[in-house]
Amino acid sequence: MLDNEFKKQRAILIRDLAEKADDPFIKQRLLALATRYEGPVKANAVTPMSIGGPRKSGNERY
């Protein structure tokens with residue numbers, strides 16, 4: 001298991017990379033990864049983008 005200091009430093013590194021990213025998709029993914037290193041979901045946490053739109057349940061029609 002990773003210790004807390006390692007996870008904290010990794011989150012800082014990934015956030016720095018996200019600031020430098022030109023592609024909005026890559027930036028969003030890096031920020032989502034950083035939040036995973038920071039532990040439990042926080043109020044201001046960024047959620048990963050879903051691809052393909054909302055899912056429909058099995059009994060909904062298109």
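Position 1 is the first residue of the sequence; numbering continues from there.
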(request) Measure the spacing between CG of Leu17 and CG of Leu13 and express it to the nearest 0.5 Å. (result)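 These two atoms lie 5.0 Å from each other.
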(message) Within this structure, what is the CG-CD1 distance for the pair Leu33 and Ile14, rounded to the nearest 0.5 Å?
(response)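 If I round to the nearest 0.5 Å, the distance is 4.0 Å.
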(message) Using side-chain heavy atoms (C-beta onward) and a distance below 4.5 Å, is Glu38 in contact with Thr35?
(response)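 In short, these two side chains touch, coming nearer than 4.5 Å.
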(request) State, yes or no, whether a side-chain contact exists between Gln28 and Asp23 at a heavy-atom distance under 4.5 Å. (result)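 Result no, sub-4.5 Å side-chain heavy-atom pair not found.
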(request) Work out which heavy atom in Leu31 is nearest to a heavy atom in Ala18; give both atom names and the distance. (result)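 Here Leu31 and Ala18 meet closest at CD2-CB, 3.8 Å.
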(request) Measure across Arg15 and Ala34 and return the closest heavy-atom pair with its distance rounded to 0.1 Å. (result) CG-CB, 3.7 Å
(message) Could you work out, with side chain to side chain donor-acceptor pair (under 3.5 Å) as the rule, every residue matching Glu19, not counting sequence neighbours?
(response) none
(request) Give the cluster check for Ile12 versus Ile26: same hydrophobic cluster or not, with ILVMFWY residues linked at side-chain heavy-atom distances below 4.5 Å. (result)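 Cluster IDs for Ile12 and Ile26 differ.
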